[in-house]
Number of protein chains: 2
Amino acid sequence: MDSTIDLSDASKALDLFNIRYQLIRLEDTITFHLIERAQFPLNATIYKAGGIAIPNSDLSLFDWIMSASERLHALVRRYESPDETPFFPSALEKPILQPLHYPQILHANDVNVNPEIKDSYINHILPTVCAQREERPEQQENYGSAATIDVLVLQSLSRRIHFGKFVAESKFRTETDRFVKLIKAEDRKGIDEAITNMAVEQQVLDRLKLKAATYGTDPSGGSRDVGKIDVDAVVNTYKNYVIPLTKVVEVEYLMQRLKGTEWE
Amino acid sequence: MDSTIDLSDASKALDLFNIRYQLIRLEDTITFHLIERAQFPLNATIYKAGGIAIPNSDLSLFDWIMSASERLHALVRRYESPDETPFFPSALEKPILQPLHYPQILHANDVNVNPEIKDSYINHILPTVCAQREERPEQQENYGSAATIDVLVLQSLSRRIHFGKFVAESKFRTETDRFVKLIKAEDRKGIDEAITNMAVEQQVLDRLKLKAATYGTDPSGGSRDVGKIDVDAVVNTYKNYVIPLTKVVEVEYLMQRLKGTEWE
């Protein structure tokens, strides 16, 4: 049975086998949510500030729902967890629950690529996921549903991509000397090469293709037509955005890794 | 490609072919969410009032998150849609967006079996979905994640079950004389028999089994073990709760169907 990674135990949380398992499991989550989103048209209006008039706010409908969701989840401690990264950090409020005590797993850092994730999602990923065969017209009745699923997709993408911090920390601890040298030389290209494994990346893309085809097809043949989602759209989401942005997270995390340490 | 049912057009919304398609599609949604929930232990504490101290509230953590989510979604018109039914009607606030104008599809009614759905879910469904092989201990770090997915599961179950109103309305319009007689005689058993098709119910269960096995298995073999979810737990969710509660919705909806009409 599945089990999520145990963040209350630093040695487990930084075990590359556990991290790899969690990343593979998150592929399912992301694929499930993208399949759900593909039920609705693109509904571009919900991403435009002022596209729908919201009293006392100049946010787009999506941003309004996203920031309100984060505010709610912050109250129950979501963003205390080291694997959660907010899209609207300034909108968060203090948790109403007693704090949990996570062990120090990651080095202190402020890496947050959520602006890039959101931009990629709205402008590049969504149009491929939603533009199936023929672009369907906007459906105002579905604005809320579409935006609510967007929150789920983006939260899972963000969690997957920022898991790069755990990967980077684990690699840093394994090959400390090598990374200290690269970081001191501010050799981002060298770090990028040190963390890249093209064979593994291709395995991820092959697996995504299989998952999107499998989860996107009603196995009983009960759907109106074959696919609930464009398989290539899911694969390209990983190829063009998830994998590159994860590497950005890894590199930028490592660039902050020596601060306040013996190696600085 | 998938498309959700069009509730802005009464004739489409009451077309049994469209309703059937939507119900089949919702099986995928429910299965996806249950698979996500199965990643976490049962975490019984989150369903107990006072189990976790919440300032200024005596709700359980789950109820608090559920009601806060509904309050947020109500603001963006979720519960104006005839296929959405709230769990905490008294917590809802007036939408901040301009109202949408749905055509009159359903007869006025106050059927809401969400209390039964919530009770079945917490006390019967969850223990089978989460109790995989060995019961895992509570994980306080996952309370919020578990409860957040519970909201998604319950919303999709509620939507699926209350779709019974559309089924009932469609059947009423097709066999009006037959149903008027049964309703006037307050013959709930007769109505139940008139809406029951055992062969179709068995088809649903067979399909669920296939879906839970397919979506619950990593097709690349990348998971630690075979199933992400107990297939029987998903099938029994439908057999013991979704199908019977849908019939309750249909019967109770029909019992209110003559109010204010020529047949009363």
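Letters go in sequence order (proteins before strands), and every chain restarts at 1.
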- Please look at A/Ile96 and chain B and tell me whether the side chain, the backbone, both or neither of the residue comes under 4.5 angstrom of a heavy atom of that chain. both

- Query: In terms of heavy-atom pairs under 4.5 Å, which option from B/Glu141, B/His73, B/Glu27 contacts chain A the most?
  - Reply: B/Glu141

- Message: With a 4.5 angstrom heavy-atom cut-off, is it the side chain or the backbone of A/Asp206 that approaches chain B, or both, or neither?
- Response: neither

- Highest number of heavy-atom pairs under 4.5 Å with chain A among B/Leu97, B/Ile54, B/Thr148, B/Thr29 belongs to B/Thr29

- A/Ala68 versus chain B, the contacting section by heavy-atom distance below 4.5 Å: both

- Checking side chain to side chain contact (heavy atoms under 4.5 Å, CB included) against B/Arg159, which of B/Leu23, B/Leu154, B/Asp83 comes through? B/Asp83

- Side chain from CB out, backbone as N, CA, C, O: work out which of these in A/Thr214 comes under 4.5 Å of a heavy atom of chain B, or both, or neither. both

- Message: Using modelled atom types and a 3.5 Å cut-off, is there a donor and acceptor pairing between side-chain atoms of A/Asp6 and backbone atoms of A/Ser8?
- Response: yes

- Task: May I ask you to test the A/Pro99-A/Arg77 pair for a side-chain heavy-atom distance under 4.5 Å?
- Result: no

- Quick one: do A/Asn114 and A/Thr85 satisfy side-chain hydrogen bond (donor to acceptor under 3.5 Å, both in side chains)? Show the steps, please. CA-CA 8 Å; A/Asn114 279 340; A/Thr85 312; 5.1 Å; no

- Query: If you count heavy-atom pairs under 4.5 Å with chain B, which of A/Pro55, A/Gly144, A/Ala53, A/Ser145 comes out on top?
  - Reply: A/Pro55

- Message: Counting only non-hydrogen atoms closer than 4.5 Å, does A/Leu7 touch chain B with its backbone (N, CA, C, O), its side chain (CB onward), both, or neither?
- Response: neither

- Message: With heavy-atom distances below 4.5 Å as the criterion, would you say the side chains of A/Val151 and A/Gln155 are in contact?
- Response: yes

- Query: Between A/Lys94 and A/Glu80, is the closest basic N to carboxylate O distance under 4.0 Å?
  - Reply: no

